[in-house]
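Working notes for the structure below.
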Amino acid sequence: MSERFYFEPGFSLRAAGTGDEVRLLDRFRHIFNVDCVARENWVELSGEPERVTAALAALDAMQRLFILRGKELDRADVEMILRGNTPVQADNLQELWQNRITLSPGKKDILPRSVRQREYLECMRKKEVVFGIGPAGTGKTYLAMAMAVSMLLKGEVNRIILTRPARESGEKLGFLPGSLEEKVSPYLRPLYDALYEMVSPEEAASLIARNVIEVAPLAFMRGRTLNGAFIILDEAQNTTSEQMLMFLTRMGFGSRCVITGDPTQSDLNGNERSGLVQAVRTLRHLKEIGFVFFNTSDVVRHALLEKIITAYNATPGENTK
């Protein structure tokens, strides 16, 4: 079977991701097992009918997303569409687009990149407390940050609180050089990294200086009541039961709480119970609280990351040797 896909005006393979037409065609050949011939305004695909149909659907989704965005796609957009042998279909793409997060002018709208990510965003919009649980790379923290920034810009909350437990992975804070702020800063760096992708460094610095955005270790939350805030607790698998209860009781009127973590990556001592695991067990029956559980199929960072996580999970005994 051989079919041609004709591009809409303005769209080309160079506008579909990396700008590298040759590399993108190689991806299509590898993923869909089809032959590809490209010209300026069309691509011809040849192979088994079901493989050609799948490849055509992927091209159609890329073109539709290009039209929706009004700008060239980036690599993350392409990875979303070319996930395995089941590309995002046009109807699903429209639904993902409708659930996008809008940020400040000049910043690209953020789309959920899987059904569970869409469910996660819906939970954050509807519920005051949401747990996002699953492996690294599934977008738990990034989407929570995006939602927080979006709600702040819209005036739906008046500040953002970002926090993590400063739990050492085999190290002791007391032995690290520098002040307390310098010691805990590395633990909070991933939150800063995500923030800088959503607002300019200058704007972020201004918001932090005015305490509109506060980034602090979990221990600094004790004794506070946070009204009108979007509060994110990251790496929650490293909280103790007492810390988790303390955090959950910080929420005041008009606030939202999002708790993210991966129970399989805990740095707690053997005799400590994970506050995240206990919270899920204790609160799961409360309809007012949202729980979204991600797995390796939801990994959206790099195509290789899903394979790495799956390989490690397949040989758990060897990973500790």
Side-chain angles (χ1 to χ4, degrees), residues 117 120-121 123-152 157-169 173 184-195 198 208 211-268 272-284 286 288-294:
Q117 283 199 354
Y120 187 43
L121 294 184
C123 271
M124 286 191 284
R125 289 185 172 111
K126 295 176 181 179
K127 297 181 183 292
E128 294 179 328
V129 178
V130 174
F131 285 79
I133 300 167
T138 50
K140 306 181 301 296
T141 303
Y142 187 81
L143 289 178
M145 288 283 294
M147 184 64 73
V149 171
S150 179
M151 292 184 69
L152 178 68
V157 296
N158 53 43
R159 56 179 168 162
I160 299 172
I161 311 293
L162 312 171
T163 185
R164 299 177 101 192
R167 172 64 61 163
E168 320 86 358
S169 180
L173 280 175
V184 301
S185 180
Y187 296 94
L188 304 174
R189 177 51 53 188
L191 298 176
Y192 283 107
D193 291 342
L195 176 63
M198 297 165 195
I208 291 170
N211 284 325
V212 176
I213 296 179
E214 180 181 348
V215 186
L218 180 59
F220 288 16
M221 298 295 104
R222 191 174 300 277
R224 303 177 64 181
T225 299
L226 304 171
N227 296 316
F230 196 114
I231 315 160
I232 300 172
L233 171 58
D234 191 33
E235 298 289 341
Q237 74 274 5
N238 289 328
T239 62
T240 63
S241 298
E242 293 78 11
Q243 287 176 323
M244 179 60 75
L245 179 59
M246 179 272 290
F247 173 79
L248 290 171
T249 54
R250 297 310 93 201
M251 186 176 72
F253 294 107
S255 288
R256 301 291 183 96
C257 285
V258 178
I259 300 97
T260 70
D262 178 3
T264 68
Q265 298 295 319
S266 174
D267 294 323
L268 294 172
E272 292 179 304
R273 290 193 302 172
S274 170
L276 177 61
V277 173
Q278 185 181 13
V280 173
R281 187 183 303 120
T282 303
L283 304 174
R284 188 77 182 271
L286 296 180
E288 296 87 351
I289 297 178
F291 292 88
V292 180
F293 296 89
F294 298 89

**Over all atoms of both residues, closest heavy-atom pair of Y142 and M198** = O-CE, 3.3 Å

**Request:** Work out which heavy atom in D234 is nearest to a heavy atom in P165; give both atom names and the distance.
**Result:** O-CD, 3.2 Å

**N158 CG to L226 CG distance, which is reported to the nearest 0.5 Å** = 10.0 Å

**Request:** Output the distance between atom CZ (R250) and atom OG (S255), rounded to the nearest 0.5 Å.
**Result:** 11.5 Å

**Complete:** Of all heavy-atom pairs linking P263 and V277, the shortest is CB-CG2, 4.0 Å

**Prompt:** For the residue pair M124 and A144, what are the closest heavy atoms and their distance?
**Reply:** SD-CA, 3.8 Å

**Prompt:** Does Q237 use its side chain to pair, donor to acceptor, with the backbone of G261 at less than 3.5 Å?
**Reply:** no

**Asked** Heavy atoms, side chains only, cut-off 4.5 Å: are Q278 and M244 in contact?
**Response** no

**Message:** Nearest 0.5 angstrom please: E235 CD to L276 CG, how far?
**Reply:** 10.5 Å

**Complete:** Rounding to 0.5 Å, atoms CG (N211) and CD1 (I161) come to a distance of 8.0 Å

**Request:** Please report the closest heavy-atom contact between M221 and A216, naming both atoms and the distance.
**Result:** CE-CB, 4.0 Å

**Item:** Contact check, side chains of L248 and L283, non-hydrogen atoms, under 4.5 Å
**Value:** yes

**Under the salt bridge (Lys or Arg N to Asp or Glu O under 4.0 Å) test, residues paired with R125 that sit two or more places apart** = none

**Message:** Could you measure the distance from the CZ atom of F293 to the NZ atom of K140? Nearest 0.5 Å is fine.
**Reply:** 12.5 Å

**Asked** Between F230 and V258, does a side chain to side chain contact (heavy atoms under 4.5 Å, CB included) hold up when you go through it step by step?
**Response** CA-CA 8 Å; F230 196 114; V258 178; 3.6 Å; yes

**Request:** Ignoring hydrogens and angles, tell me if any N or O in the side chain of T225 forms a donor-acceptor pair with the backbone of G252 under 3.5 Å.
**Result:** no

**Item:** Neighbour count above 12 (heavy atom, 6.0 Å) for R273 CZ
**Value:** no

**Request:** Please work out which of the three classes, parallel, tilted or perpendicular, describes the rings of F291 and F131, given edges at 30° and 60°.
**Result:** parallel

**Asked** Say you draw a straight line from CD1 of I160 to CD1 of I231; how long is it, rounded to the nearest 0.5 Å?
**Response** 11.0 Å

**Request:** Please assess M246 against L218 for the test side chain to side chain contact (heavy atoms under 4.5 Å, CB included), listing each intermediate value before the final yes or no.
**Result:** CA-CA 9 Å; M246 179 272 290; L218 180 59; 4.0 Å; yes

**Message:** Using the rule given for side chain to side chain contact (heavy atoms under 4.5 Å, CB included), can you reason through V130 versus C257, listing the C-alpha separation, both sets of side-chain angles and the distance that settles it, and then say yes or no?
**Reply:** CA-CA 6 Å; V130 174; C257 285; over 6 Å; no

**Chi angles and distances behind the side chain to side chain contact (heavy atoms under 4.5 Å, CB included) call for M145, L195** = CA-CA 7 Å; M145 288 283 294; L195 176 63; 3.6 Å; yes

**Message:** Testing the basics here: between Y120 and G139, what is the closest heavy-atom pair and its distance to 0.1 Å?
**Reply:** CE2-O, 4.1 Å

